[in-house]
Structure formats: structure tokens, C-alpha cells
Amino acid sequence: MKCDKNIPMDAVTKTSLSDEMIRQITCATIGASTVVQSIKRLSGGFCSAVYLVETQQDKFVLKVGTNTNVKVMRHEIQYIATEAKMLKEIGEKTDILMPKLIAYDDSKTIVDVPYFFMSYLDGTPLNNCGKLSETRRNEIYNQIGRITRAICNIPAECFGIPLIPESYCSKNSEFVNLLFDWLLLDAEEERISIPYLHPDDLRRLIQNCAAELDSAEKPVLAHTDTWAGNIMVRNGQFAGLVDYAAIYYGDPLLSHDFHDFGASPNPWFLRGYGKEMFDADEQVRIQVYRIWQRLGMVVERGYRKYKDSHLYDWVLPETEKEIRMLEEMRKRSHSL
């Protein structure tokens, strides 16, 4: 987790804590005799505030939830609790290089937000490793493929968002329709324009993909946020994966790198995952998830209220392009 001199990405969803508050919760959580030597705000991150807390004995990372007076998107209401749960569960069930959960506290006795401490993972985010060779990058994405497969090997009992029972569904199509409906409701409440299609037309387009979506019958853990900023590198080697808040109970193809930006999934990722061919149903599912990912970024701008209001302008034409592509896929399937 990189700590640098740059000002971290600011968003209204980030809760800033004073050094004194951080000292108090560190002593309360780690131990009363703990002596905090330094506190630094970590760079990066788009939703939660993150701090590096260094004591006489060790380094810890503190991740802090959003204040209750700040409106968040429907799918984000349990972000901190979900990440704490997933750090524990995935840490116990896999050998992935990742932070270890130290303690989670939602008592709100010292600060009025939930928070957790995790172990410090030394490294630099892949998106900041400009001089890394293509060979090393390919090796890292191959490893992300293997990691994604390990996470997807963990079964779930239903489709849904962990710790949000109202999202639990028995079918993938029901869950995906819910994800889109929640994003579109979030957009409507903040008067965020949706590119290209009226929200109701977009809903119908996704609903018409129910048969393809339901070809994913068994829900698993799906990590939807393994972007380069969460991939840590040290000395040119993969050092670990951070940020487990955006893990869903869903289709394995909902995993981030299947529907990331670019014309097709990274071939090194696919080799690492162990899947390089996709049937017609799977191609439709991936296309739906490509739209969902981009739509989420469009709507997110209205909630995070980044200092740079044009931060995601480039996603608007991307969203339209992916919607048009799904429309074409539907037309071709109906003409056969």
C-alpha cells in the first residue's frame, strides 16, 4: 500500500480522522499499551479513507467507513463490514498474498463510523509502476488470473451482495437486474444522466438477457475490483492484492478482469484463470457486466463528488459503446 507525498484522491465518502482519534482507536483496538509513532494518510482509493499507522512493534493499515450523514450508493452501504468479512474468509480459505484482518469495530464508541485494522502490505500499486517491463506485467496478470480462480472456487449460497439481505436472489438474472435497478435509482435521485438510453429502455435490454444470465447457475465469490490500483508490486514482482470491499456472490464472469476496459480480457489473465474460450451465453453475460461496470462509474461521480468533476468523462462514450454492442448482439441472436 503506497504512501506518497501526493494528496490522496478526495471524495465526500472519505471520513477524515484526527491523529488523536486514530491514536485512541489504535490503543483501544490493538492494545492499551500501544505507542503510535507515526500516522500517514495513504494515497489512492476512491471511497474509504485509509491510514498507515506505525507503532513501536509493527505497521498497520486503518480503513474507515463513511459518515452516516453522507449519502452512498445502494450497493455500498456495507462496504467496510463486507471487506472485513472477506479479508477473514478469503484469508482463511486461500493462500493469496493479501492483508490479514487484525480487528473490526462497529461499536462507534470512539468514532461514529465502523473501521478495521489490517496488516500492512509493502509495495506500489501496479498503475504507478510505469517502468515495469511487459514481461513482468504479463506475469502479474497471469497471477491475478490464478487469484481470481481461487476466489471463484469459494461457493456462495445465493446471488447477492454480502451483508445486504435485500439483495439476495435465487437466480443470476434477478440479481443482475437488481444491480442495474439500484444504479439507475441512484442516478435518478441525484439527477445523473445515463448515456445513450433512457433508464427504462436499459432495464428492458438487460431483462431480455435473462436466459443467458441464468446460464450461470452456481454463485461463487466474485471480486469485481482487481484493477491495477489494487495490485501491489515490489521489486518488479507481485506483492499482493488489496481491497476486498467489492466482492459479490455471483457469476464467476462478474469478476473484474473478464469485463475490464479494452476490446477483450487480458490473455495472460485468462491463461492464469484457466479459461480462454467463451460460448454465446457467456459472451452476452460478459457484455452485460461491461455495461454494469461502466454505468457504476458514471453514477459514482454524483455520489463521491470528486474535486475533479470531469474525472470520469471518458467513461460516458465507453458506456454508450458497450450498450450499442449488446444491442447488436441481441439483434444477431434474433436473426439466427
Side-chain angles (χ1 to χ4, degrees), residues 1 29-30 45-48 50 58 60-66 72-107 113-121 123 143-170 172 175-176 178-179 216-227 229-232 238-259 269 272-275 289 296:
M1 300 170 185
T29 307
I30 307 299
F46 290 79
C47 184
S48 303
V50 186
D58 212 341
F60 302 97
V61 173
L62 167 65
K63 197 162 189 178
V64 184
T66 302
V72 298
M73 298 162 72
R74 284 168 168 80
H75 69 275
E76 294 181 333
I77 59 174
Q78 292 286 4
Y79 249 34
I80 290 293
T82 296
E83 182 162 13
K85 172 182 172 63
M86 290 302 160
L87 283 170
K88 185 175 186 298
E89 182 172 352
I90 295 173
E92 290 174 348
K93 293 181 178 179
T94 73
D95 60 358
I96 294 172
L97 290 174
M98 59 186 290
K100 178 182 179 182
L101 179 68
I102 304 299
Y104 168 69
D105 189 341
D106 62 355
S107 65
V113 291
Y115 62 84
F116 65 81
F117 284 89
M118 57 184 165
S119 59
Y120 174 71
L121 195 63
Q143 188 142 3
I144 294 302
R146 296 198 297 272
I147 286 171
T148 299
R149 187 58 179 256
I151 294 173
C152 290
N153 281 340
I154 302 174
E157 293 184 358
C158 64
F159 294 92
I161 303 174
L163 304 181
I164 306 182
E166 57 267 36
S167 74
Y168 295 170
C169 299
S170 59
N172 187 40
F175 176 48
V176 174
L178 179 76
L179 289 177
E217 299 178 350
K218 296 180 180 180
V220 299
L221 298 193
H223 197 320
T224 71
D225 198 21
T226 53
W227 78 289
N230 290 333
I231 300 170
M232 308 306 292
F238 174 75
L241 181 68
V242 300
D243 201 334
Y244 292 77
I247 291 184
Y248 291 172
Y249 302 143
D251 177 0
L253 298 181
L254 190 61
S255 302
H256 174 272
D257 288 81
F258 286 113
H259 52 81
F269 163 81
Y273 186 89
K275 183 176 177 61
Y289 304 149

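Sequential numbering from 1 along the given sequence is applied to the chain's residues. Values reported hereafter were calculated over all heavy atoms of this structure, with side chains retained and with hydrogens, waters and symmetry mates removed. These figures come from a predicted structure and were not determined experimentally.
- In this structure, Pro162 and Gln78 approach most closely via the heavy-atom pair O-CB, 4.4 Å.
- Summarising the geometry of Ile90 relative to Met98, their closest heavy-atom pair is CG2-SD, 3.8 Å, with the distance given to 0.1 Å.
- Residues Cys169 and Cys158 fail the side-chain proximity criterion, which asks for heavy atoms closer than 4.5 Å.
- Side-chain contact between Leu253 and His259 is absent, with no heavy-atom pair separated by less than 4.5 Å.
- Using a 4.5 Å heavy-atom cutoff, the side chains of Tyr115 and Thr29 are in contact.
- A distance-only check finds no donor-acceptor pair linking the side chain of Ser255 to the backbone of Thr148 [under 3.5 Å].
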Give the intermediate values and the outcome of side-chain contact (heavy atoms from CB on, under 4.5 Å) for residues Val242 and Met118.
-> CA-CA 10 Å; Val242 300; Met118 57 184 165; 5.9 Å; no
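- In this structure, His75 NE2 and Leu178 CG are separated by 11.5 Å, a value rounded to the nearest 0.5 Å.
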Would you check, one step at a time, whether the test side-chain contact (heavy atoms from CB on, under 4.5 Å) holds for Val113 with Thr66?
-> CA-CA 7 Å; Val113 291; Thr66 302; over 6 Å; no
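- Counting heavy atoms from C-beta on, the side chains of Phe60 and Ser119 never come closer than 4.5 Å.
- With hydrogens and angles ignored, the 3.5 Å screen pairs no side-chain donor or acceptor of Asp225 with any backbone N or O of His256.
- Take Thr226 and apply the side chain to side chain donor-acceptor pair (under 3.5 Å) test, not counting sequence neighbours, and it matches Asp257.
- Rounding to the nearest 0.5 Å gives a distance of 9.0 Å between CD1 of Ile247 and OG1 of Thr82.
- The distance from atom CD of Glu89 to atom OH of Tyr244, rounded to the nearest 0.5 Å, is 12.5 Å.
- Between Lys63 and Ile80, some side-chain heavy-atom pair lies under the 4.5 Å cut-off.
- Rounding to the nearest 0.5 angstrom, the gap separating the CG atom in Leu62 from the CD1 atom in Ile102 is 12.0 Å.
- Val64 has its side chain out of reach of Phe116: every pair of non-hydrogen atoms, C-beta onward, lies at least 4.5 Å apart.
- Here the closest heavy-atom approach between residue Glu157 and residue Pro219 is recorded as C-CG, 4.2 Å.
- At least one side-chain heavy atom of Leu163 sits less than 4.5 Å from a side-chain heavy atom of Lys85.
- Between the OG atom in Ser170 and the CZ atom in Phe175 there is a gap of 12.5 Å [rounded to 0.5 Å].
- Scanning both residues, Phe159 and Gly250, for their nearest heavy atoms gives CD2-CA, 3.7 Å.
- Heavy atoms from other residues, nucleotides or ligands lying under 6.0 Å from NZ of Lys88 number 12 at most.
- Remark: Glu166 CD is packed, more than 12 non-hydrogen atoms of other residues, nucleotides or ligands lying under 6.0 Å away.
- Between Pro252 and Lys218, the closest heavy-atom pair is CD-O, 4.5 Å.
- Taking the six-membered ring where tryptophan is involved, the planes of Tyr168 and Tyr249 are tilted, since the angle between them lies from 30° to 60°.
- Using a distance-only test at 3.5 Å, with no hydrogens or angles considered, a donor-acceptor pair links the side chain of Ser167 to the main chain of Ile164.
- For the pair Leu121 and Ala239, the tightest heavy-atom approach, listed with the atom from each and the gap, is CD1-O, 3.6 Å.
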Mind running side-chain contact (heavy atoms from CB on, under 4.5 Å) on Phe117 and Leu101 for me, showing each step along the way?
-> CA-CA 6 Å; Phe117 284 89; Leu101 179 68; over 6 Å; no
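- In this structure the side chain of Trp227 never reaches within 4.5 angstrom of the side chain of Asp243, judged on heavy atoms.
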side-chain contact (heavy atoms from CB on, under 4.5 Å) between Ile96 and Ile151, intermediate numbers included | CA-CA 9 Å; Ile96 294 172; Ile151 294 173; 3.6 Å; yes
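- Taken to the nearest 0.5 Å, the OH atom of Tyr289 stands 11.0 Å off from the CZ atom of Phe258.
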